[in-house]
Amino acid sequence: MQKLTVKNFDLAQTLESGQIFLYTKINGWYLITAKNKLFKIRQNGNKMEFDGADKKFITNFFALDEPYEKILSAIDKDEIISAAIENHYGLRIMRQDPWECAVSFVLSQNSNIPRITKNISSLCNEHGKELRLGNQTAYAIPLPKEIANSRKLSSMSLGYRESYLRELAKKTNTEKLRKLEKLSFEQALEKITELPGIGDKVGQCILLFSLGQHSAFPVDVWIERAMKQFYNLDSGLTSKHIQTLGRTYYGKYAGYAQQFIYHYSRNNKHLFSEEPEVSIV
DNA sequence: CGTCAGGTAGCCA
DNA sequence: TGGCTACCTGAC
């Protein structure tokens, strides 16, 4: 068991903000499968306890070395985002493995959380390396080579995502995706959306959650609804418009704003029946 | 039953 | 560019 003292970090807010799918809560511990590892972690105030990973890994994975207050003040433009930040203070954008992130979000498209989790889990159980922690067992997100020619893939109920995933596995991997870290956001997005099954939304999720592109502003149905409602935007705007607007309005760390708004809207569904509060256009 | 779900790709004006 | 539409599957 290892320990770490943290500040400006909330484990539950971070894990439950929809960035990752492979975690479960058991007896007060979060059991997490990520980066080819199975580890457990819990938080009590500013004290973290964990097993199966070291301090360096935890610090990096949860981005505990980011200048949190600086990021928040950069995106804190109005009372809407302020409320979202206040409600979910301590939420951070994690640093996932880009291949694992790509697999997760390709499988997430046009689906729902229970099904996404089921799909990813069965993919891992049938293809991934066995991981252990004490008496717990789990399976890693499979590597490209473990997917590319798999015959079991068609029994995972992935639907049309199956061919996206298989073709993706033939075309890319963690090392190739890492090259997008150094590019500008625009170039990185252009490159990543050339890959099969990766469009604007999934591409920006990967850029944001695993490639350090913090100005990415992925727009899904929740963000689109929330932005239109919260900021009283024209209902005819497309997700592309919202995307551009979000990036422009929130700036360098727009991705953090997106994550706060996303989590806030999902946890406060009643807000959608109220009057919009702020106009920014 | 129909609708919807953390979209993408392909086609057409 | 912008506006359709088909698409696997299962939860609700």
Side-chain angles (χ1 to χ4, degrees), chain A residues 13-23 84 88 91 93-94 96 98 100-123 126 141 147 150 152-172 186 189-211 213 216-230 233-247 254-269 271-272:
Chain A
Q13 297 286 359
T14 300
L15 288 174
E16 290 169 16
S17 64
Q19 302 178 53
I20 62 167
F21 298 97
L22 292 182
Y23 68 91
H88 304 295
L91 187 169
I93 306 250
M94 289 180 270
Q96 299 183 48
E100 292 184 354
C101 190
V103 171
S104 303
F105 282 90
V106 163
L107 295 187
S108 81
Q109 65 187 61
N110 201 17
S111 187
N112 50 65
I113 306 284
R115 186 180 171 208
I116 296 165
T117 309
K118 176 177 161 282
N119 281 165
I120 299 177
S121 302
S122 55
L123 175 77
E126 294 298 324
I141 292 184
I147 292 176
S150 162
K152 286 184 282 187
L153 207 56
S154 45
S155 58
M156 316 269 93
S157 301
L158 304 180
Y160 54 80
R161 300 161 200 81
E162 179 190 337
S163 56
Y164 291 161
L165 185 61
R166 193 189 294 281
E167 295 311 306
L168 189 65
K170 290 176 182 169
K171 289 202 165 83
T172 194
E186 288 77 9
L189 183 62
E190 195 181 324
K191 281 290 174 196
I192 203 165
T193 51
E194 286 172 4
L195 293 168
I198 299 183
D200 248 10
K201 192 272 174 181
V202 170
Q204 293 204 38
C205 282
I206 301 167
L207 292 181
L208 178 59
F209 299 144
S210 70
L211 292 167
Q213 298 275 2
F217 195 82
V219 176
D220 58 35
V221 293
W222 285 92
I223 289 291
E224 185 170 333
R225 270 200 295 260
M227 292 296 283
K228 284 178 178 172
Q229 169 76 18
F230 295 167
L233 302 175
D234 180 350
S235 61
L237 290 181
T238 63
S239 62
K240 183 74 186 168
H241 291 131
I242 310 262
Q243 207 181 98
T244 310
L245 188 148
R247 277 174 48 74
Y256 269 85
Q258 185 272 359
Q259 207 49 208
F260 278 107
I261 299 273
Y262 177 80
H263 201 27
Y264 186 53
S265 64
R266 290 198 67 128
N267 283 277
N268 297 277
K269 292 172 184 169
L271 291 172
F272 293 105

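Sequence lines set the chain letters: A, B, ... in the order given, protein chains first and strands last, and positions in each chain run from 1. None of these values were measured; they are calculated from a predicted model.
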Inset, instruction - Would you mind reading off the distance between Tyr160(A) atom OH and dT9(C) atom P, rounded to a whole angstrom? - result: 11 Å
Legend entry - Gap between atoms CD and C1', on Glu194(A) and dT8(B) respectively (whole Å): 15 Å
Inset, instruction - For Leu195(A), answer base if it contacts any base atom (sugar-phosphate contacts may also be present), sugar-phosphate if it contacts only those atoms, and nothing otherwise; contact means non-hydrogen atoms under 4.0 Å. - result: sugar-phosphate
Legend entry - Sidechain-backbone polar pair: Ser122(A) side chain, Lys118(A) backbone, donor-acceptor under 3.5 Å: yes
Inset, instruction - Assign Pro218(A) to base, sugar-phosphate, or nothing according to its heavy-atom contacts below 4.0 angstrom with the strands shown. - result: nothing
Inset, instruction - Find which nucleotide of DNA chain B each of Gly197(A) and Gly18(A) is nearest to by heavy atoms, and output the residue with the more 5' nucleotide. - result: Gly18(A)
Legend entry - dA5(B) phosphate, OP1 or OP2, under 4.0 Å from Arg266(A) side-chain N/O: no
Inset, instruction - Go through dG6(B), dT8(B), dC8(C) for me and flag the one nearest to the Arg161(A) side chain. - result: dC8(C)
Inset, instruction - Mind checking Ile113(A) for me? I need base, sugar-phosphate or nothing, with any heavy atom below 4.0 Å counting as a touch. - result: base
Inset, instruction - Mind checking Asp200(A) for me? I need base, sugar-phosphate or nothing, with any heavy atom below 4.0 Å counting as a touch. - result: sugar-phosphate
Legend entry - Watson-Crick/G-U partner (both atom distances under 3.5 Å) of dA9(B): dT5(C)
Inset, instruction - Could you please name the option among dG10(C), dG6(B), dA5(B) that lies closest to any side-chain atom of Ser157(A)? - result: dG10(C)
Inset, instruction - Assign Gly199(A) to base, sugar-phosphate, or nothing according to its heavy-atom contacts below 4.0 angstrom with the strands shown. - result: sugar-phosphate
Legend entry - Aromatic ring proximity Phe217(A)/Tyr262(A), centre distance under 6.0 Å: no
Inset, instruction - Using a 4.0 Å heavy-atom cut-off across all strands, classify Thr193(A) as base, sugar-phosphate, or nothing. - result: nothing
